[in-house]
Peer 1: 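Here it is, the structure in full.
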Amino acid sequence: MFSLKGQYIIQLPLDVVRIAIPLLIYFVIMFLVSFFMGRAIGADYSKTATLSFTAASNNFELAIAVAVGVFGINSGRPLQR
């Protein structure tokens with residue numbers, strides 16, 4: 001979808017920011033919560049950091065769903081071939 005609608009996404013930077021802000025907040029919250037939970041159970045730094053990045057990066061599917069929901073595969077702009 002992004003390869004087909006890249007130009008359309010670039011033309012709407014505020015929509016991209018509007019989508020990115022909640023995802024960034026989600027990433028930071030998930031990272032910090034899982035990091036401090038790991039430290040609370042006594043895990044060392046390397047395991048805690050790995051756990052935190054894994055927990056925080058699980059929003060990739062959410063990002064795709066939000067992008068498709070906002071821009072749509074057939075978003076009114078004809079496909080460029």
Side-chain angles (χ1 to χ4, degrees):
M1 181 188 88
F2 293 108
S3 65
L4 297 174
K5 299 293 183 175
Q7 187 65 30
Y8 183 63
I9 292 170
I10 291 172
Q11 291 175 353
L12 300 170
L14 294 179
D15 287 349
V16 174
V17 170
R18 190 176 68 205
I19 293 168
I21 289 173
L23 292 174
L24 180 64
I25 292 169
Y26 173 83
F27 181 87
V28 169
I29 290 171
M30 288 300 294
F31 181 86
L32 293 175
V33 167
S34 58
F35 186 85
F36 288 118
M37 286 176 64
R39 293 304 260 176
I41 64 170
D44 64 347
Y45 178 79
S46 64
K47 289 183 181 177
T48 303
T50 303
L51 169 76
S52 300
F53 278 114
T54 301
S57 67
N58 285 336
N59 64 351
F60 180 73
E61 292 85 6
L62 176 63
I64 292 174
V66 169
V68 169
V70 171
F71 295 107
I73 296 294
N74 299 315
S75 62
R77 175 145 180 173
L79 296 177
Q80 298 173 351
R81 296 176 196 241

Peer 1: List, by chain and number, the other hydrophobic cluster members for V33, where Ile, Leu, Val, Met, Phe, Trp and Tyr join if side-chain heavy atoms come within less than 4.5 Å, directly or indirectly.
Peer 2: V17, I21, I25, I29, M37
Peer 1: To the nearest 0.5 Å, what is the distance between OG1 (T54) and CZ (F31)?
Peer 2: 10.5 Å
Peer 1: Under 4.5 Å between side-chain heavy atoms, chaining through other members, with only Ile, Leu, Val, Met, Phe, Trp and Tyr counted: pull out the rest of the cluster around M30, sorted by chain and number.
Peer 2: Y26
Peer 1: For the residue pair D44 and R39, what are the closest heavy atoms and their distance?
Peer 2: C-NH1, 3.6 Å
Peer 1: If you look at every heavy atom in S52 and S34, which pair is closest and at what distance?
Peer 2: CA-OG, 3.1 Å
Peer 1: Check the pair F53 / F27 against side-chain contact (heavy atoms from CB on, under 4.5 Å), numbers first and verdict last.
Peer 2: CA-CA 9 Å; F53 278 114; F27 181 87; 4.1 Å; yes
Peer 1: Are V28 and F35 in one and the same hydrophobic cluster, where Ile, Leu, Val, Met, Phe, Trp and Tyr link if side-chain heavy atoms are under 4.5 Å apart?
Peer 2: yes
